[in-house]
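Worksheet for the structure shown next.
Predicted model only: the values in this text are computed from it and were never measured. As the structure lists them, so they are numbered: ligands from 1, and atoms in each ligand from 1.
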Amino acid sequence: MQYRVTPTDGTKISALGLGCMRFPGFALGRPDQKAAEAIIRRACEQGINYLDTAYLYPGNEQCVGLALERLGLRDKVLLATKLPHGSCKRSEDFDRLFDEQLRRLRRDHIDYYLIHNITSPLQWERLQSLGIESWIARQKASGRIRNIGFSYHGSAGDFPVMLEAFSWDFCQIQYNYLNEHYQAGTAGLRAAASRGLAVFVMEPLLGGRLAQHLPPEAERILERAATPELSTPAAWGLSWVWNHPEVTMLLSGMSSPEQVDENAAVAASALPHSMGARQLEAIEQVVEVFQRLERVPCTGCNYCMPCPQGINIPGCFSAYNASYAHSWFTGVSQYFTASAIRSGRPKLATNCVRCGACKRHCPQHIDIPERLDDVRRRLTPGPVGAALKLLGKR
Ligand code: SF4
Ligand code: SF4
């Protein structure tokens with residue numbers, strides 16, 4: 001395993017961290033405990049020493065806490081979790097939520113605590129007005145919080161404002177070869193590192209979109225430039241992130257022990273500046289292909305779920321993108337599967353009643369009801385829609 005050192009206190013962190021959000025069962029809100037334990041065990045065997053969870057990942061903190069205890073790893077890993085700041089209405093809520101997190105995680109401290117999903121500095125200002133700065137100071141003094149940071153999904157312009165707003169130890173940004181100029185982006189990565197913060201990267205493979213089912217044209221580009229170390233799209237995507245010396249660690253939401261092995265093998269050799277000009281050029285060409293073909297920047301994070309109408313929102317967007325990247329038939333077939341068309345009560349994009357419950361949770365700022373309309377238009381055009389109506393499916 002490759003380790004990188006935090007600029008704040010020299011802690012050695014594995015370049016590959018385990019994002020626990022995508023354990024099997026996560027889409028149903030019930031992480032599979034046995035599967036999660038197998039993944040965590042393998043991750044630690046491979047030298048991974050950083051695990052990331054959050055209050056808002058359903059059942060996840062409890063699952064991680066129990067797994068670490070059963071595996072005897074409770075004090076052997078660096079553990080990160082996050083404050084659901086939207087649930088903080090009064091200053092007492094900080095302690096109430098944090099105590100609950102410690103109970104769920106079976107721990108007396110958190111190594112890396114993040115303000116979860118900041119999309120605007122106004123959210124931080126609201127927390128300041130509730131006294132969060134003195135609360136953080138107390139937790140750090142007592143050792144209950146070792147490092148404080150924030151995860152970010154806001155604009156490039158607001159990111160420097162957040163960096164200035166507090167004396168953070170670290171930040172967590174979305175970063176991958178398609179997002180160089182999106183959210184914090186490369187400029188944000190460099191700004192954070194130059195301020196002496198450890199920078200952790202999330203979505204290095206955009207929720208799997210850069211790992212599998214790439215547009216065939218993009219796959220061919222990567223195959224032509226492949227090396228023994230860069231033999232899969234996932235290896236390309238992860239290596240591109242690790243190529244940046246400003247990155248302290250990247251989180252991958254691994255969902256099987258085999259995936260842990262694959263990513264750990266890549267981490268061993270993907271050092272800063274290890275990609276050559278030919279490889280970086282191949283990535284640029286792949287970016288061009290994506291920019292031409294991908295339509296909705298959904299990462300499949302599920303933050304917008306569940307939809308009260310039962311619509312599988314990320315499934316709809318994945319199918320929509322596939323209809324451009326692969327073929328219209330592939331997209332339609334995926335869409336019908338995602339919408340449970342064979343069941344008695346399919347949940348198509350047409351079921352959307354525009355209640356807006358999903359939209360405010362989307363870290364990619366997708367206008368979900370609007371884009372579901374695009375899904376409907378493309379994947380159930382006139383005759384298909386009429387046929388579904390006849391069959392009583394819509
Ligand atoms: S706006 Fe549509 S997709 Fe979003 S939660 Fe409401 S019904 Fe579901
Ligand atoms: S629509 Fe947004 S919130 Fe929903 S899964 Fe996609 S990226 Fe996540």
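Heavy atoms of K359 found under 4.0 angstrom from ligand 1: none, in either backbone or side chain.
In the model, Q46 has a side-chain atom that pairs as donor or acceptor with a side-chain atom of D261 under 3.5 Å. One side chain, Y113 or Q101, offers a donor N or O that lies under 3.5 Å from an acceptor on the other. Side-chain atoms of E229 and S239 form no donor-acceptor pair, as typed in the model, at a separation below 3.5 Å.
Ligand 1 places these atoms under 4.0 Å from at least one heavy atom of P308: 5 (S). For ligand 2 and Q364, the ligand atoms under 4.0 Å from any heavy atom of the residue are 7 (S). Near N302, meaning under 4.0 Å from one of its heavy atoms, ligand 2 places the atoms 5 (S), 8 (Fe). For ligand 1, the atoms sitting less than 4.0 Å from at least one non-hydrogen atom of C307 are 3 (S), 5 (S), 7 (S), 8 (Fe), numbered in the order shown with element in parentheses. Proximity to I313 (heavy-atom distance under 4.0 Å) selects the following atoms of ligand 1: 3 (S). In the vicinity of I368, heavy-atom distances shorter than 4.0 Å reach the ligand 2 atoms 1 (S). Remark: ligand 2 atoms within the under-4.0 Å shell around heavy atoms of P314 are 5 (S). Using a 4.0 Å cut-off to heavy atoms of P369, the atoms of ligand 1 that qualify are 1 (S). For ligand 1, the atoms lying closer than 4.0 Å to a non-hydrogen atom of Q309 are 7 (S). Per-residue contacts place P363 under 4.0 angstrom from the following atoms of ligand 2 (heavy atoms of the residue considered): 3 (S).
At the top of the distance list for atom 1 (S) of ligand 1, counting protein heavy atoms only, stands G356 N, 3.2 Å. The protein heavy atom nearest to atom 3 (S) of ligand 1 is L372 CD1, 3.5 Å. Nearest protein neighbour of atom 6 (Fe) of ligand 1, counting heavy atoms only, is C355 SG, 2.3 Å. Here the protein heavy atom with the shortest distance to atom 4 (Fe) of ligand 1 is C358 SG, 2.3 Å. If you check which protein heavy atom lies closest to atom 8 (Fe) of ligand 2, you get C301 SG, 2.3 Å. At the top of the distance list for atom 2 (Fe) of ligand 1, counting protein heavy atoms only, stands C352 SG, 2.4 Å.
In summary, R195 and E164 engage in a salt bridge, as defined by a charged side-chain N under 4.0 Å from a carboxylate O. Salt-bridge annotation for K140 and D169: present, with a side-chain N of the basic residue lying under 4.0 Å from a carboxylate O of the acidic one. Of the charged side-chain nitrogens involved, none lies within less than 4.0 Å of a carboxylate oxygen, so that E45 and K76 do not count as a salt-bridged pair. Using a cut-off of 4.0 Å between Lys/Arg side-chain N and Asp/Glu carboxylate O, D108 and R74 are scored as not salt-bridged. Here D373 pairs with R377 in a salt bridge; the nearest charged N to carboxylate O distance falls below 4.0 Å. The pair E100-R104 meets the salt-bridge criterion, with a side-chain N (NZ, NE, NH1 or NH2) lying under 4.0 Å from an Asp/Glu carboxylate O.
Contact between N312 and M305 at its shortest, heavy atoms only, is CA-CE, 3.9 Å.
Heavy-atom neighbours of R292 CZ from other residues, nucleotides or ligands within 6.0 Å: above the threshold of 12.
Not a single N/O/S atom of H361, whether from backbone or side chain, sits less than 2.8 Å from atom 2 (Fe) of ligand 2.
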